[in-house]
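Since the structure comes first, as structure tokens, the remarks are kept for the end.
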Amino acid sequence: MNKIPNRQAICETLMAHAKNDRDIIALCSDSRGSASMTPFFNEFPEQSVEVGIAEQNLVSIAAGMAHVGKKPYCFSPACFISTRSYEQAKVDVAYSNTNVKLIGISGGISYGELGMSHHSAQDIAAMTAIPNMRVYLPSDRFQTGKLIEELLKDEKPAYVRVGRNPVEDIYSEDNIPFEMDKATVHKYGVDNEDKVVIVACGEMVRPAVDAAKILEDRGIAATVIDMYCLKPFDEKTLVQSLEGARLVISIEEHAPFGGLGSQVASVVSANRPIKVKQMALPDDHVITGKSKDVFNYYGLNAEGIVNAVCNLD
């Protein structure tokens, strides 16, 4: 079982490049430990900035650095960087189209036991609504590393949300089928008259893959789309995958409004109207508990996906 969280993969990738690129700067809001960025701060103190619990300042300082040629990466809990510094993300970063990468750590319900104040179930909706802001939710450590490698090559704003805990690998060191802004497709079973499409992002890709394997054993062909790129949204791959499908299921660690499910429903209805089932967190204050317990409570797991496929007429 993998013990490396996606946030650590970000740190390792940045450290590998910071040795030869002094413009890479890491900024934290009293969150270097939570972000797994302590090794970076220790090895590159002159490329590290700690602003304390001041998320608005965090983003504005990073924007200023970007304007003089630096490559700032801002680390803060997703629940705070997507709300407290929303205006700064909109104006200082996106409106000015500055090279700032916002890393929302411990996203979704990663801080489950700390309750609603520490949940970030609205960040996809908020960040995708900002012009010029790209939004990514990588599914495992390998895809996370590839994503950061690509983001280091451009000078455009982006928001990346990762969870707190390690997730079981989807890919491997020798097999990372990654293309920037293009979803990755996994197919299980032989396409027949009973085919479903499961679209997932972030930590929900793992249960989607597990569900597809169960469905394959039951004679149901399942295509799993790892839609790590929420904006720009890979409509082409989704539409191509709809051929012959009777049902599309979206699953996300987000509120039911403005996230992955909303985008999937919009694309499907415009191109090949078939049944769409959205699986998401409720429009309510989510229960407190460890992430896995919360996912199980709301059916955001492999069993929940299989039940949705088999019980939806």
Side-chain angles (χ1 to χ4, degrees), residues 6-28 35-37 40 44 47-49 58-76 78 81-82 85-86 88-105 107 123-124 126-162 171 176-184 201-202 226-238 260 263:
N6 292 350
R7 54 197 168 101
Q8 183 177 333
I10 295 177
C11 178
E12 292 174 354
T13 304
L14 290 179
M15 289 182 69
H17 287 269
K19 296 176 182 178
N20 300 314
D21 190 346
R22 306 297 290 180
D23 288 331
I24 295 175
I25 308 293
L27 300 91
C28 288
S36 294
M37 288 300 291
F40 187 101
F44 305 103
Q47 293 171 253
S48 304
V49 178
L58 174 80
V59 176
S60 291
I61 291 170
M65 287 184 166
H67 279 295
V68 295
K70 300 300 180 181
K71 303 172 183 178
Y73 282 71
C74 298
F75 293 82
S76 185
I81 200 170
S82 66
S85 56
Y86 190 68
Q88 287 69 33
K90 182 179 76 170
V91 179
D92 296 347
V93 175
Y95 181 71
S96 302
N97 205 27
T98 55
N99 183 17
V100 175
K101 306 312 194 277
L102 306 175
I103 312 298
I105 58 173
D123 54 341
I124 297 175
M127 289 299 181
T128 55
I130 300 178
N132 287 335
M133 184 66 73
R134 297 169 295 166
V135 178
Y136 302 103
L137 273 72
S139 58
D140 76 351
R141 55 179 170 144
F142 297 110
Q143 188 182 70
T144 299
K146 283 291 187 180
L147 173 61
I148 298 302
E149 292 270 2
E150 291 299 316
L151 291 177
L152 282 166
K153 298 176 183 177
D154 67 49
E155 298 181 353
K156 299 180 290 184
Y159 172 72
V160 180
R161 186 232 267 188
V162 293
Y171 308 103
I176 317 173
F178 182 88
E179 186 174 342
M180 192 64 176
D181 297 332
K182 184 175 177 60
T184 301
C201 61
D226 180 350
M227 190 66 76
Y228 80 90
C229 45
L230 276 295
K231 183 184 178 183
F233 190 82
D234 186 4
E235 294 187 16
K236 183 178 179 180
T237 294
L238 174 57
L260 173 67
Q263 296 193 63

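In what follows, every heavy atom counts, from backbone to side chain, and hydrogens, waters and symmetry copies are set aside.
Pairs passing the salt bridge (Lys or Arg N to Asp or Glu O under 4.0 Å) check and including a residue from residues 135-147, sequence neighbours excluded, read R141-D169. For residues 9-21, the salt bridge (Lys or Arg N to Asp or Glu O under 4.0 Å) pairs, not counting sequence neighbours, are D21-K71. Every pair tested for salt bridge (Lys or Arg N to Asp or Glu O under 4.0 Å) that includes a residue from residues 89-99 fails, sequence neighbours excluded, so the list is empty.
Rounding to the nearest 0.5 angstrom, the gap separating the NZ atom in K101 from the CD1 atom in I10 is 12.5 Å. Rounding to the nearest 0.5 angstrom, the gap separating the CZ atom in R134 from the CE atom in M127 is 13.5 Å. The distance from atom CE of M180 to atom NZ of K153, rounded to the nearest 0.5 Å, is 9.5 Å. Rounding to the nearest 0.5 Å gives a distance of 4.5 Å between CG of L230 and CD1 of I124. Distance check: D181 CG to E150 CD gives 9.0 Å after rounding to the nearest 0.5 Å. Here the NE2 atom belonging to H17 is positioned 15.5 Å from the CZ atom belonging to R22, to the nearest 0.5 angstrom.
Remark: H67 pairs with no residue by the side-chain hydrogen bond (donor to acceptor under 3.5 Å, both in side chains) rule, at least two apart or across chains. Not counting sequence neighbours, Y73 has no partner by the side-chain hydrogen bond (donor to acceptor under 3.5 Å, both in side chains) test. Residues forming a ring-ring contact (aromatic ring centres under 6.0 Å, His included) with Y86 (at least two apart in sequence, or on another chain): none. Remark: D234 engages K182, A183, M227, C229, K236, T237 in a side-chain contact (heavy atoms from CB on, under 4.5 Å) (not counting sequence neighbours). In terms of the side-chain hydrogen bond (donor to acceptor under 3.5 Å, both in side chains) criterion, residue partners of S36 (sequence neighbours excluded) are, by chain and number, R7. In this structure F178 satisfies the ring-ring contact (aromatic ring centres under 6.0 Å, His included) test together with Y228, sequence neighbours excluded. With sequence neighbours left out, the ring-ring contact (aromatic ring centres under 6.0 Å, His included) criterion links F142 to no other residue. The side-chain contact (heavy atoms from CB on, under 4.5 Å) search around E155 returns N99, not counting sequence neighbours. Applying the side-chain hydrogen bond (donor to acceptor under 3.5 Å, both in side chains) criterion to N97, with sequence neighbours excluded, gives no partner residue.
Considering every non-hydrogen atom in both M15 and F44, the closest pair reads O-CZ, 3.8 Å. Nearest approach of I81 to S76, heavy atoms of both residues: CB-CB, 3.9 Å. In this structure, A158 and M133 approach most closely via the heavy-atom pair C-SD, 3.7 Å. Looking at every heavy atom in both residues, V59 comes nearest to A89 through CG1-N, 3.9 Å. For the pair P157 and A94, the tightest heavy-atom approach, listed with the atom from each and the gap, is CG-CA, 4.3 Å. In plain terms, the two heavy atoms of T184 and P177 that are nearest each other are OG1-O, 3.1 Å.
In this structure, the side chains of L27 and F75 stay at 4.5 Å or more apart for every pair of heavy atoms. Proximity of E149 to T13: side-chain heavy atoms (C-beta onward) are separated by under 4.5 Å at one or more points. For the pair N6 and Q143, the minimum side-chain heavy-atom distance is 4.5 Å or more. Residues M65 and V49 are in side-chain contact: their nearest non-hydrogen atoms beyond the backbone lie under 4.5 Å apart. Two residues are said to be in side-chain contact when any heavy atoms from C-beta on lie closer than 4.5 Å; S85 and L58 fail this criterion.
Side-chain atoms of T98 do not come within 3.5 Å of backbone N or O of A66 as any donor-acceptor pair.
D123 and Y159 share a side-chain donor-acceptor pair at under 3.5 Å. Judged purely by distance below 3.5 Å, without hydrogens or angles, the side chains of D23 and Q47 never pair a donor atom with an acceptor atom.
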**OP:** Kindly determine whether L137 and V160 satisfy side-chain contact (heavy atoms from CB on, under 4.5 Å), including the steps that lead there.
**Re:** CA-CA 6 Å; L137 273 72; V160 180; over 6 Å; no
**OP:** Please step through side-chain contact (heavy atoms from CB on, under 4.5 Å) for the pair Y136 and C201, ending with a clear verdict.
**Re:** CA-CA 9 Å; Y136 302 103; C201 61; over 6 Å; no
**OP:** Applying side-chain contact (heavy atoms from CB on, under 4.5 Å), run through L14 and F40 and close with a yes or a no.
**Re:** CA-CA 8 Å; L14 290 179; F40 187 101; 4.1 Å; yes
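The one candidate from I25, I61, V100 that meets the side-chain contact (heavy atoms from CB on, under 4.5 Å) condition with C74 is V100.
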